[in-house]
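Input: a single structure, listed below in structure tokens.
Each ligand, and each atom within it, is numbered from 1 in the order the structure gives.
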Amino acid sequence: MCQYSAVDGVPTEWHRLHLGQFALSRAGLVFVEATAVEAIGRITPACLGLYSDESERALKSVVESFKSQAGATRIGIQLAHAGRKASISRPWEGGRPLGPAEGGWGTAGPSAVPFDAQRPAPQPLDAAGIARIKVAFVAAALRAVRIGFDAIELHMAHGYLMSSFLSPLANRRNDAYGGGIENRTRLQSEILAAVRAAIPADIPVGARISGSDWREGGATVEDAVALGHALKRQGCDFLDVSSGGVVADQQMVLRPGYQLPFASRVKQEVGLPTMTVGLISRPHSAEAILAAGHADFVALARAMLDDPRWPWHAANALGADLDLPAPTGYAVAPRWRQNTEEAGALPDPMLGAAEAALAKAAQ
Ligand SMILES: Cc1cc2nc3c(=O)[nH]c(=O)nc-3n(C[C@H](O)[C@H](O)[C@H](O)COP(=O)(O)O)c2cc1C
């Protein structure tokens with residue numbers, strides 16, 4: 001998840017601490033946030049980027065810390081290009097478009113169609129621009145391999161560059177990269193093929209794709225299935241199905257598991273290992289999704305920020321064993337917590353009454 005805490009693309013101590021929490025989480029796989037493959041592909045000037053030696057060195061150090069304590073947890077990186085959604089301020093600074101005087105830059109996209117009325121139109125990518133971006137993805141993937149990442153996910157969702165090529169709402173090209181679905185999936189297929197060919201076969205390369213633009217005339221789940229097939233032909237190892245973010249006036253319907261039908265359809269039709277994400281926070285819900293065969297992985301975003309020990313608690317709730325960190329106390333902490341909660345209110349009559357009063361006041 002984007003932390004907006006890098007300097008010139010280079011991770012800071014924040015990243016070491018932030019990711020360190022998840023090194024102890026015992027999650028199966030942790031993905032580092034959307035990491036730009038070139039400077040103008042960052043969403044904000046504070047986004048992570050993997051286009052310099054300095055960033056590679058600093059990220060390697062963070063990943064080494066992570067791996068030194070992570071047990072069986074694997075670490076991957078999401079490589080991204082923000083396209084026409086780049087060059088804005090951080091969310092807590094308003095997320096508004098930045099002009100050159102404020103450190104902003106001109107953005108790139110499939111066509112000169114802006115994301116919304118506040119933003120300038122992107123520069124449509126020409127053949128040289130497309131070639132440059134492919135090289136940038138390959139170079140960043142090679143850096144990721146040198147750093148020691150176990151997996152790479154290419155960001156093809158949320159309206160960023162590759163996702164905007166899929167969407168007829170953003171892509172109005174009439175060359176080989178626009179129009180029919182084969183053309184609207186060409187850039188993504190070429191980038192995946194180039195990355196796949198450049199890195200060792202034992203490092204999985206997958207893609208986060210979009211199940212819907214949630215807008216009439218936008219990309220649909222049929223487009224997601226077509227993209228999935230195209231990526232599979234190029235050696236894609238897994239798919240991660242999200243949605244939305246292509247246009248400002250989308251009509252998204254949010255409810256637990258709201259993106260699961262897209263993942264399930266993509267998994268069934270494309271047949272690649274498929275991840276689902278979105279408003280899943282209960283261990284039993286995650287388990288039910290896997291047991292029903294709707295997805296092969298469940299990704300948690302906000303639930304893990306809220307509770308980086310989520311997998312410990314999920315293992316407890318589902319009766320699974322986890323190899324918890326050895327230092328004294330950690331291995332018994334989840335069981336202790338559960339036993340304490342089951343024991344109920346504090347035994348002292350006065351404290352017990354105070355606790356009940358506090359609980360009532362909080363309702
Ligand atoms: C603060 C924040 C940062 C995010 N950063 C990314 C990102 O870097 N890459 C990405 O694909 N999705 C990103 N997302 C979307 C999440 O990965 C996820 O798809 C979404 O939050 C829904 O899942 P959840 O309900 O488990 O949070 C971000 C979401 C939030 C709230």
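The backbone N or O of Y4 sits less than 3.5 Å from a side-chain atom of R90, completing a donor-acceptor pair.
Between V7 and T12, the shortest heavy-atom contact is CG2-CG2, 4.0 Å.
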- From CA spacing to verdict: side-chain hydrogen bond (donor to acceptor under 3.5 Å, both in side chains), S189, Q234: CA-CA 7 Å; S189 305; Q234 303 303 332; 5.2 Å; no

- Message: Let's go through R173 and D175 carefully: what are the C-alpha distance in whole Å and the side-chain angles of both, what is the deciding distance for salt bridge (charged side-chain N to carboxylate O under 4.0 Å, His left out) to 0.1 Å, and is it a yes or a no?
- Response: CA-CA 6 Å; R173 299 173 78 101; D175 63 0; 2.8 Å; yes

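The distance from the CE atom of M275 to the CZ atom of F238 is 5.0 Å, given to the nearest 0.5 Å.
The protein residues lying under 4.0 angstrom from ligand 1, judged by non-hydrogen atoms, are M1, C2, E33, A34, Q78, H155, H158, R208, V277, G278, L279, L300, A301, R302.
Here D323 does not pair with R26 in a salt bridge; the nearest charged N to carboxylate O distance is not below 4.0 Å.
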